[in-house]
Amino acid sequence: MMSEQKPVRVRFAPSPTGHLHLGGARTALYDFLLARQTGGQFILRIEDTDRKRYVAGAEEEICAGLRWLGLEYDEGPDVGGPCGPYRQSERKEIHQEYAQRLVKEGHAYYCFCSPERLSKVREEQQRQKLNPRYDGTCRNLAPSEALRRVNEGEPYTVRFRTPKDGVTRTTDLLRGEIAVDNSSLDDIILVKSDGYAVYHLAATVDDHLMQITHVIRGSEWLSTLPVHALIHRAFGWDEPVWVHLSVFLKPSGKGKMSKREAADLAKDGYSIFIKDFEALGYLPEAVNNWIALMGWSYDDRTEFFSMYDLIEKFNLEKLTPSPAAINFTKLDHFNGLHIRALQPGDLARRIKPYYQREGYVTDDDTLLKIAPIVQEHIVTLDEVVEKAGFFFKDSVVPVAEDLVAKGLTARQSAEIARKAYHLLSQFSEMKADVIEPPMRKLVEELGLTAGQVFGILRVAVTGQKVSPPLFESMEIVGRERVLARIQRAINLLEAMG
RNA sequence: GCCCCCAUGGUCUAGUGGUUAGGACACAGCCCUUUCAAGGCUAUAACAGGAGUUCGAAUCUCCUUGGGGGCACCA
């Protein structure tokens, strides 16, 4: 199936008004996959024509988020490219030029209605249960008069002259033909009175100029799709392939993600913002794998995909149009799978920051030894600190009660610890495969279970009831610390009586 | 209110006229086991409802219901 597809040019076009979230990331992922698969280009374009909504730092966060996910773009505001600028605010004159062309050719007209009048008209229409729509006051102004008013400095906007009747048909890749009566369409504003183009014009012009072949975006654009098609046609341009992705719903599947919902998520250690995933211990490859499968599938059983797999196997044909509820437990599952798929050396490198974040002083040799023994015990990277922090501590402080083995007294537990201490102290090194057989023999001699004996030692050596495998852990902790920790445990048990 | 879109287990989905409706997550039980996991096995669980078309519908059509999106000088 290695395609003979033509190289695509696709763009991810977020507005810098907030955080990069899962929905955006998934759109960008699909863009990226398609571009890489076909040998085309993935472009980042910042849609910042609304200066009022501009959020400082948002663009940087988007770029950083895409890079963290591994979605390197070929052209964009901070990397340049042949179709720049890639920030729409810097393309104001270009947009105006094309708006003029539409006006000259009769596809658009100047409108001098004030926002105040417009909103009053709208309120009145709503009161009368009519559909809110521009009332057409300026639609039939004589071009010469309109031009005169423009030249006199009167504030104006440019509106698209939508056909009054007929039907506009266009095609969405996932849904087939989308047909709408032109009578239900509005004369949308193309250029605002501040001179900046509105999305509908800016995106259309830029997509054409940047030779975008596939427009992949959220389904919130579906209702304006006919207008976008009409604008393309007014310019005489071919339409790109339209791909409208379904939205993500909240985990319950009932309703879309809300601000409140997002806040609740944080309490459970989840987030919908890409900037948070690293700190929460997620791997970018897991996040990609997870969101790739929300709206796309490969076959009836394959679910684990590396980025390499995704690039090879992604296809637009298997996209689904129905909305998907975000399922964070599935993300946890994928994260576990991807952690286990890592080379231990890679895992060692990736867990390091989580230790350092908590103030641990680590060394790479030890990290390299820890990686393979925690690998199949953690689902998020940050867990490594609570599960395997004891490796980097001089000593641990067990809860005395935890040292008492199930079914035994403190006194008996102390006696077992003493015997283990005696046995272990005879070895010059704590090699796991060397000390395990005699330890098991000890268990047998004592007539106890492995769980009872090893449980005491686990708490003694790690300070925790839950830890990575005991003997491997003891090997890393090392002879001196192991013995010191067991001695301390003996003392604690004896103090209990 | 009007317009557009969507509809298979709790969730993500496979399925494009004939299948015992498949897989995954979650959940429950069992096995394995030095803890926690991981792994293995088993179980529970779905075609929203109603009309049609057809010898035969999860698959095609229509209606209803439910959900989502849009109706700005925001994107």
*When all nucleic acid strands are considered with a 4.0 Å heavy-atom cut-off, which category describes A/Thr329: base, sugar-phosphate, or nothing?*
sugar-phosphate
*Using atom CG of A/Leu448 as one end and atom C1' of B/U34 as the other, report the distance to the nearest whole Å.*
13 Å
*Base, sugar-phosphate, or nothing for A/Cys113, non-hydrogen atoms under 4.0 angstrom?*
base
*asked:* Does a side-chain N or O of A/Arg440 approach OP1 or OP2 of B/U34 to a distance below 4.0 Å, or not?
replied: yes
*Quick one: label A/Phe471 by what it contacts on the DNA or RNA (base, sugar-phosphate, nothing), any heavy atom closer than 4.0 Å.*
base
*Any A/Lys192 side-chain N or O less than 4.0 Å from OP1/OP2 of B/C74*: yes
*Determine the contact category for A/Thr320: base if any of its heavy atoms lies under 4.0 Å from a base atom, sugar-phosphate if only primed atoms, P, OP1 or OP2 are that close, otherwise nothing.*
sugar-phosphate
*Contact class for A/Pro155 (heavy atom, under 4.0 Å): base, sugar-phosphate, or nothing?*
nothing
*When we call it a touch if two heavy atoms are under 4.0 Å apart, what does A/Gly295 touch: a base, just sugar-phosphate, or nothing?*
sugar-phosphate
*Taking only N and O in the side chain of A/Arg122, is any of them less than 4.0 Å away from OP1 or OP2 of B/C73?*
yes
*Counting any heavy atom closer than 4.0 Å, what does A/Trp290 reach on the DNA or RNA strands: base, sugar-phosphate only, or nothing?*
nothing
*Identify, between A/Glu177 and A/Ala450, the residue whose nearest nucleotide on RNA chain B lies closer to the 5' end.*
A/Glu177
*asked:* Just N and O in the side chain of A/Thr49: are any of them under 4.0 Å from OP1 or OP2 of B/A75?
replied: yes
_Atom pair distance, as rounded to whole Å: NZ in A/Lys256 and P in B/G67_ = 14 Å
_Any A/Lys465 side-chain nitrogen or oxygen under 4.0 Å from OP1 or OP2 of B/A37_ = no
_Heavy-atom count check: over 12 atoms from other residues, nucleotides or ligands less than 6.0 Å from A/Glu90 CD?_
yes
*Return the value, rounded to whole Å, for the distance between atom NE2 of A/His244 and atom P of B/G70.*
12 Å
*Rounded off to whole Å, could you give me the NE2-to-C1' distance for the A/His377 and B/U34 pair?*
11 Å
*Could you tell me which nucleotide pairs with B/U54 by Watson-Crick or G-U wobble geometry, both distances under 3.5 Å, or answer none if nothing does?*
none
*How many Å lie between CG on A/Asp332 and C1' on B/U11, as a whole number?*
14 Å
*Within the structure shown, what part of the strands sits under 4.0 Å from A/Ser297 by heavy-atom distance: base, sugar-phosphate, or nothing?*
sugar-phosphate
*Reckon A/His333 has a side-chain N or O less than 4.0 Å from the OP1 or OP2 of B/C25?*
yes
*Does the side chain of A/Arg340 get closer than 4.0 angstrom to OP1 or OP2 of B/G39 through an N or O atom?*
yes
_Identified side chain to side chain donor-acceptor pair (under 3.5 Å) counterpart of A/Glu124 within the set A/Gln128, A/Lys120, A/Arg122_ = A/Gln128
*Measure from NZ on A/Lys313 to P on B/U13 and round the result to the nearest Å.*
19 Å
*Which residue, A/Pro321 or A/Asp50, contacts RNA chain B at a nucleotide closer to its 5' end, judged by nearest heavy atom?*
A/Pro321
_Atom-pair distance (CD on A/Glu376; P on B/C36), nearest Å_ = 14 Å
*Between B/C36 and A/Lys387, is there an OP1 or OP2 to side-chain N/O distance shorter than 4.0 Å?*
no
*Length of the OH-C1' vector between A/Tyr298 and B/A24, whole Å*: 17 Å
*For A/Glu47, which contact category applies under a 4.0 Å heavy-atom criterion: base, sugar-phosphate, or nothing?*
sugar-phosphate
_Using 0.5 Å steps for rounding, measure from the CD atom of A/Glu177 to the CG atom of A/Asp172._
11.5 Å
_Quick check for you: among B/A75, B/C3, B/A37, whose closest atom lies nearest to any side-chain atom of A/Ser184?_
B/C3
*asked:* On the nucleotide B/A75, are OP1 or OP2 found under 4.0 Å from the side-chain N or O atoms that A/Arg53 carries?
replied: no
*A/Ile178 near the nucleic acid: base, sugar-phosphate alone, or nothing, with a heavy-atom cut-off under 4.0 Å?*
sugar-phosphate
